[in-house]
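Below is one structure, written out as structure tokens, with a few remarks after it.
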Amino acid sequence: MRRVTILGATGSIGQNTIDLIRRDPKAYEVVTLTGGGNIARLAADAIALGAELAVTAYEDRLPDLRAALAGSGVEAAAGAEAIREAAARPADWVMSAIVGAAGLAPGLAALEQGATLALANKESLVCAGELVLRTAAAHGARILPVDSEHSAIFQALVGEDMAAVERVIITASGGAFRDWPLERLRSATVEQASSHPNWDMGQRITIDSASMFNKAMEVIETKEFFGILPDQIEVLVHPESMIHALVGFVDGALMAHVGAPDMRHAIGYALNWPERRALPVDRLDLAKIGQLTFRAPDEARYPALRLAREVMQMGGLAGAVFTAAKERSLDHFIAGRIGFLDMAAVVEAVLDRYAAQRRNDEAAMTLDNVLLTDHLAREWADEAAAKKAG
Ligand code: NAD
Ligand code: MG
């Protein structure tokens, strides 16, 4: 029996993880599920899976969670610190599927107790990659990628020598607006940006796919996780989302990972690793699909990709500035205060301000410093967004 915890259990990744666990309930003992405002979902899943503990991120929802769990024997808790404590409860495997930089501290707590961390929360590698990897190494904990591109790279590298890797290519569907003329993007609405052509995901990552901020984060995630150079990472627009990533070797060979766009592939790979087990995903009929297409991303259309390169160049805490500014600009877009293209402009303004103020003796990458930087970058993003709005 493997003891598993799911952080962000009520979200898209969390629900797909629960779907896989439910298919083989005898293999798993569920320790903790955490969620946000969807108390009914959180409580129902915690009861159905026989979890020890359920935690909501919102302290004011604790009475609701208690009521929903009454008589079930499942403990209830609330708040960010309770989520961190829940992640620190002994478990063999922890799914990190909270959205945003809020996933960092609980992910670190899971690594500190030596659990294998299935990492969907790419933000933690973008905002504090060195800290996350250092924490894993210090506690002998393993991280398995869950982002589909990174799972694909990881699988293409099995049995290979990193020294033989020349480049890594991550694919991008191009998101909701890939065929829109640039001028039309200016007036793109939240609703239009929230519908993805191929993947069914949470709203925030879906909008980040339309703006390419998702891919921008994934480029940084690739650099951090696989320890390769920014110049070795390429982005390729591939509208069908069947090839998730390719690894190019020094002999010119390209190893591609091909599969249906279903996150249960990558989640299941991390859940079953190092074995492969049957997964309930579609098998591709390539003859029926007929052809796959590719094109280079247009950097004028997607400034996020250029900003990711700048962040990697800056290094240090620039990733924390980037994720925080991106999250706040996304909040402002969702709230209707700024336009779709303003998001990248806000992030760029915050990065420029950070670059101008950063001293040579930049603060070390500790959790406290990452959180302080995150906080400051959010304030700057609010100021930059207010200028755009006003
Ligand atoms: P989602 O919005 O569907 O779910 C997010 C989960 O996090 C929910 O359980 C929510 O309650 C919880 N949450 C939100 N804010 C929180 C906070 N401040 N504190 C604690 N919990 C909080 O998101 P998702 O699409 O499942 O994505 C989760 C993570 O996985 C993200 O980092 C995303 O980039 C990554 N990811 C998602 C997909 C996908 O297919 N959805 C693919 C690759 C990577
Ligand atoms: Mg991805």
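Counting starts at 1 for both ligands and their atoms, in listed order. Everything quoted here is computed from the prediction, not taken from an experiment. Residue numbers run from 1 in the order of the sequence given.
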Provide the number and element of each atom of ligand 1 under 4.0 Å from a heavy atom of Gly202. 3 (O), 25 (O), 41 (N)
Nearest neighbour in protein (non-hydrogen) for atom 12 (C) of ligand 1: Gly8 CA, 4.3 Å
Starting from the C-alpha separation in whole Å, work towards a yes-or-no answer on salt bridge (charged side-chain N to carboxylate O under 4.0 Å, His left out) for Arg306 and Glu310. CA-CA 6 Å; Arg306 173 176 52 79; Glu310 287 175 19; 3.2 Å; yes
Per-atom contacts, ligand 1 versus Ala102 - under 4.0 Å to a heavy atom: 17 (C), 18 (N), 19 (N)
Does ligand 1 have a heavy atom under 4.0 Å from the side chain of Met263, from its backbone, from both, or from neither? side chain
Could a heavy atom of Arg204 be found less than 4.0 Å from some atom of ligand 1? no
I would like to know whether Lys215 and Glu221 meet salt bridge (charged side-chain N to carboxylate O under 4.0 Å, His left out); could you show each step before the answer? CA-CA 9 Å; Lys215 211 50 55 180; Glu221 183 186 9; over 6 Å; no
N/O of Gly36 under 3.5 Å from N/O of ligand 1, yes or no? yes
Within a distance under 4.0 Å of any heavy atom of Asn121, pick out the atoms of ligand 1 and give their elements. 32 (O)
To the nearest 10 degrees, could you say what angle the Mg ion (ligand 2) makes with OE2 of Glu218 and OE1 of Glu149? 100°
Quick one: which ligand 1 atoms are inside 4.0 Å of a heavy atom on Gly35? 11 (O)
Among all protein heavy atoms, pick out the one at the shortest distance from atom 3 (O) of ligand 1; state its residue, atom name and that distance to 0.1 Å. Ser12 N, 2.9 Å
Minimum-distance protein heavy atom relative to atom 43 (C) of ligand 1: Asp147 OD1, 3.0 Å
Ligand-side contact atoms (ligand 1) for residue partner Ile205, heavy atom cut-off under 4.0 Å: 25 (O), 33 (C), 34 (O), 36 (N), 37 (C), 38 (C), 42 (C), 43 (C), 44 (C)
Should Val31 and Ile83 be regarded as members of a common hydrophobic cluster, given that ILVMFWY residues are connected when their side-chain heavy atoms come within less than 4.5 Å of each other, either directly or indirectly? no
Does a side chain donor of either Asp19 or Gln15 reach within less than 3.5 Å of an acceptor in the other side chain? no
Restricting to N, O or S atoms of Asp147, which is nearest to the Mg ion (ligand 2)? OD1
Looking just at side-chain N and O atoms, do Glu218 and Thr222 make a donor-acceptor pair shorter than 3.5 Å? no
Among protein heavy atoms, which lies nearest atom 13 (N) of ligand 1, and at what distance? Ile98 CG2, 4.1 Å
N/O of Ile83 under 3.5 Å from N/O of ligand 1, yes or no? no
same_hphob_cluster(Met212, Leu351) at 4.5 Å side-chain heavy-atom cutoff: yes
Side-chain donor-acceptor contact under 3.5 Å, Glu123 with Thr323: no
Taking only non-hydrogen atoms of Met201 and a 4.0 Å limit, the atoms of ligand 1 in range are 39 (C), 40 (O), 41 (N)
Given side-chain hydrogen bond (donor to acceptor under 3.5 Å, both in side chains), test Glu149 with Thr171 step by step and report yes or no. CA-CA 7 Å; Glu149 298 75 6; Thr171 59; 5.3 Å; no
Starting from Leu125, can I reach Phe154 by hopping between I/L/V/M/F/W/Y residues whose side chains sit under 4.5 Å apart? yes
I'd like to know if the side chain of Asp382 pairs up with that of His332 as donor and acceptor (distance under 3.5 Å, no hydrogens or angles considered). yes
State, without any angle test, whether Thr206 and Gln203 hold a side-chain donor-acceptor pair at a distance under 3.5 Å. no
Flag if over 12 foreign heavy atoms under 6.0 Å of CG, Asp282: no
Identify, by atom number and element, the atoms of ligand 1 in contact range of Glu123, meaning under 4.0 Å from any of its heavy atoms. 31 (C), 32 (O), 34 (O)
Looking only at N/O atoms, are Ile13 and ligand 1 under 3.5 Å apart anywhere? yes
Do the side chains of Val281 and Met242 join up, straight or via other hydrophobic residues, at under 4.5 Å, putting them in one cluster? no
Which ligand 1 atoms are under 4.0 Å away from a heavy-atom of Ala120? 30 (O), 32 (O), 35 (C), 36 (N), 44 (C)
Is a side-chain donor-acceptor pair under 3.5 Å present for Gln113 with His139? no
Suppose we measure from atom 4 (O) of ligand 1 to each protein heavy atom; which comes out shortest, and what is that distance? Gly11 CA, 3.1 Å
Establish, yes or no, whether a centroid distance under 6.0 Å links the rings of Tyr302 and Phe177. no
Using a 3.5 Å cut-off on N or O atoms only, is Gly37 in polar contact with ligand 1? no
Counting both backbone and side chain atoms, is some N or O of Thr10 under 3.5 Å from an N or O of ligand 1? yes
Starting from atom 34 (O) of ligand 1, what is the nearest protein heavy atom, named by residue and atom, and what distance separates them? Lys122 CE, 3.1 Å
Measure Ala57 to ligand 1 on non-hydrogen atoms and call it side chain, backbone, both or neither using the 4.0 Å cut-off. side chain
Hey, is ligand 1 close enough to Gln203 that some N/O pair sits below 3.5 Å? no
How far is atom 23 (O) of ligand 1 from its nearest protein heavy atom, and which residue and atom name does that atom have? Val99 CB, 4.0 Å
At the 4.0 Å heavy-atom cut-off, does Ala97 count as touching ligand 1? yes
For Phe249 and Met255, run side-chain contact (heavy atoms from CB on, under 4.5 Å): C-alpha distance rounded to whole Å, both residues' side-chain angles, the deciding distance at 0.1 Å, then the answer. CA-CA 8 Å; Phe249 295 91; Met255 300 292 280; 3.4 Å; yes
